[in-house]
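In what follows, a single structure is set out as structure tokens and then discussed.
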Amino acid sequence: MSQPPKNIEELAERCAMIAGLTLGQLAEQCQLQLPANLQRDKGTVGQLLELVLGASSGSKAEPDFPHLGVELKTLPVDSFGKPLESTYVCVAPLTDVAGLRWHDSWVCRKLSRVLFVPVLAERGIPLAERQIGTAFFWSPDTQEQALLQQDWEELMELIVLGGIDRIKGAHGKVLQLRPKAANSKVLTAAIGADGQPIQTLPRGFYLKASFTASLLARQFGD
DNA sequence: TCCTGATCATCT
DNA sequence: AGATGATCAGGA
């Protein structure tokens with residue numbers, strides 16, 4: 001559909017072009033059929049936005065706009081502009097993590113510059129009628145950076161010390177570690193309580209909804 | 001198999 | 001109602 005945007009300004013222009021449109025209108029422009037609901041197509045909205053904005057598609061562990069260093073995230077919000085879900089960041093490394101530092105981590109790198117595209121996504125609204133909001137670029141300020149780093153270091157320390165199976169979603173103030181897999185039977189390698197190799201459920205880092213709510217508040221005011 | 005795109009569904 | 005753990009689809 002779209003070529004990659006040449007620069008940030010061009011990307012911002014594209015976002016401005018689609019603000020206020022419904023997902024149905026956007027899909028029509030792309031000559032795509034929207035599923036009736038997201039139950040079996042949870043990634044549809046994100047992929048539609050990638051297509052329209054010219055993100056490099058695919059499942060590479062890279063920013064969506066590598067040349068711009070920008071990560072694209074759709075943000076499902078209710079009619080008050082509050083996030084309806086947490087935001088997935090990346091998978092969590094569970095082995096060979098000794099000595100890994102915050103500034104070299106995928107979390108830090110992916111979150112250094114994020115383009116959030118709010119989408120009105122209350123369950124009662126049919127997918128095609130859901131409206132795209134005003135997109136905004138976000139980079140963590142000093143305080144946000146500190147919170148993220150603190151949570152990340154705490155979670156990674158637990159992983160290194162074999163505490164992976166004690167980590168719950170409630171750990172962390174703004175960043176959480178939760179399952180990220182096809183189902184609860186999937187296993188991957190990790191470090192056990194006595195330092196031995198174990199198999200455990202793959203995990204991903206997520207931004208808590210309360211944290212993205214504060215980003216929205218910073219952007220749009222209360 | 002792992003990572004991308006996330007939301008679903010249940011529990012508290 | 002908000003949060004947590006579970007789940008779905010597709011590409012490399």
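Note that the structure is a prediction, hence the values are computed from the model and not measured. Quick note on labels: first sequence line is chain A, next is B, and so on, each numbered from 1.
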[atom1] of [X] versus [atom2] of [N]: gap in Å, rounded?
X: A:Tyr206; N: C:dT4; atom1: OH; atom2: P; answer: 12 Å
X: A:Lys60; N: C:dG10; atom1: NZ; atom2: C1'; answer: 13 Å
X: A:Asp165; N: C:dG5; atom1: CG; atom2: P; answer: 12 Å
X: A:Leu38; N: C:dT7; atom1: CG; atom2: C1'; answer: 14 Å
X: A:Leu72; N: B:dG5; atom1: CG; atom2: P; answer: 8 Å
X: A:Phe205; N: C:dG5; atom1: CZ; atom2: P; answer: 15 Å
X: A:Tyr88; N: C:dA6; atom1: OH; atom2: P; answer: 17 Å
X: A:Leu48; N: B:dG5; atom1: CG; atom2: C1'; answer: 12 Å

Return no unless some side-chain N or O of A:Ser86 is found under 4.0 Å from OP1 or OP2 of C:dT4. no
Scan [range] against DNA chain C and write down, sorted by residue number, each residue with any heavy atom closer than 4.0 Å; if none is found, say none.
range: residues 116-124 of chain A; result: none
range: residues 171-192 of chain A; result: A:Gln176, A:Arg178, A:Pro179, A:Lys180, A:Ala181, A:Ala182, A:Asn183, A:Ser184
range: residues 90-114 of chain A; result: none

Taking salt bridge (Lys or Arg N to Asp or Glu O under 4.0 Å) as the test, write out the residues that go with A:Asp78, two or more places apart. none
If the condition is salt bridge (Lys or Arg N to Asp or Glu O under 4.0 Å), which residues does A:Glu85 pass it with, not counting sequence neighbours? none
Would you mind telling me which of [options] lies closest to the side-chain atoms of [X]?
X: A:Gln39; options: B:dC8, C:dA3, B:dG5; value: B:dC8
X: A:Ala209; options: C:dA3, B:dG5, B:dT7; value: C:dA3
X: A:Lys168; options: B:dC8, C:dC8, C:dG5; value: C:dG5

Can a salt bridge be assigned to the pair A:Asp165 and A:Arg203 using a cut-off of 4.0 Å between side-chain N and carboxylate O? yes
Pairs of donor and acceptor atoms involving the side chains of residues 96-108 of chain A, under 3.5 Å and at least two apart or interchain, shall be tabulated with distances.
residue, atom, partner, partner atom, Å
A:Trp102, NE1, A:Gln145, OE1, 2.9
A:Ser105, OG, A:Trp102, O, 2.7
A:Ser105, OG, A:Cys108, N, 3.1

Please name all residues satisfying side-chain contact (heavy atoms from CB on, under 4.5 Å) with A:His171, sequence neighbours left out, ordered by chain then number. A:Leu155, A:Leu158, A:Ile167, A:Lys168
Base, sugar-phosphate, or nothing for [X], non-hydrogen atoms under 4.0 angstrom?
X: A:Pro202; result: nothing
X: A:Thr44; result: nothing
X: A:Gly43; result: base

Taking all non-hydrogen atoms of both residues into account, name the closest pair between A:Thr74 and A:Gly46 and its distance. CG2-CA, 3.9 Å
Under the side chain to side chain donor-acceptor pair (under 3.5 Å) rule, what pairs show up with a residue in residues 210-220 of chain A, not counting sequence neighbours? A:Glu144-A:Arg218
Can you list the other members of the hydrophobic cluster that holds A:Ile125, where links are side-chain heavy atoms under 4.5 angstrom apart? A:Leu120
Scan side-chain atoms only and decide if A:Gln199 and A:Thr188 contain a donor-acceptor pair under the 3.5 Å cut-off. no
Does A:Phe220 have any ring pair (Phe, Tyr, Trp, His ring centres under 6.0 Å) partners at least two apart in sequence or in another chain, and if so, which? A:Phe136
Holding to ring pair (Phe, Tyr, Trp, His ring centres under 6.0 Å), I want the full list of residues that pass it with A:Tyr88, two or more places apart in sequence or in another chain. A:Tyr206
Name each donor-acceptor pair under 3.5 Å that joins a side chain in residues 11-19 of chain A to protein atoms two or more places apart or in another chain, with its distance.
residue, atom, partner, partner atom, Å
A:Arg14, NH1, A:Gln3, O, 2.6
A:Arg14, NH1, A:Leu53, O, 2.9
A:Arg14, NH2, A:Gln3, O, 3.0
A:Arg14, NH2, A:Glu10, OE2, 3.0

